[in-house]
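Here the structure is laid out as structure tokens; the discussion comes afterwards.
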Amino acid sequence: KGKMTPGPWEAVDTGADVWEIVSPKRGCVAEASHHRPECATNARAIAALPELVEAARALCLNVDAMQLRPTLVSTAHLRRILARIDGEGE
């Protein structure tokens, strides 16, 4: 089982027709081309991946441990990550 570069990651517009997804400790982990209109959103989505994975794992553990239906579990963390992907609060 492979491991991702540890987060957090940030999406950075290099101004050179490329978005870089950067880890402060490891440098560039991915790039997205500016040639498509959805590039900025894609770059932010990629940058949010470590948090999304962490939140999804925590949600699954909580649902299992508490034997709750997923709809009863707080989704605040997932909503913050989705807002980041959508570029809100920048």
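- Here E31 contributes atom CD and D17 contributes atom CG; the two are 11.5 Å apart, rounded to the nearest 0.5 Å.
- With sequence neighbours left out, the side chain to side chain contact (heavy atoms under 4.5 Å, CB included) criterion links I21 to W9, V29, A30, A43, I46, A47.
- Under a 3.5 Å cut-off, the side chain of T14 and the backbone N or O of V18 do form a donor-acceptor pair.
- Counting all heavy atoms, side chain and backbone alike, P6 lies closest to S23 at O-OG, 3.7 Å.
- Note: L52 CG to R57 CZ = 10.5 Å, rounded to the nearest 0.5 Å.
- The shortest distance between side-chain heavy atoms of P24 and E10 does not fall below 4.5 Å.
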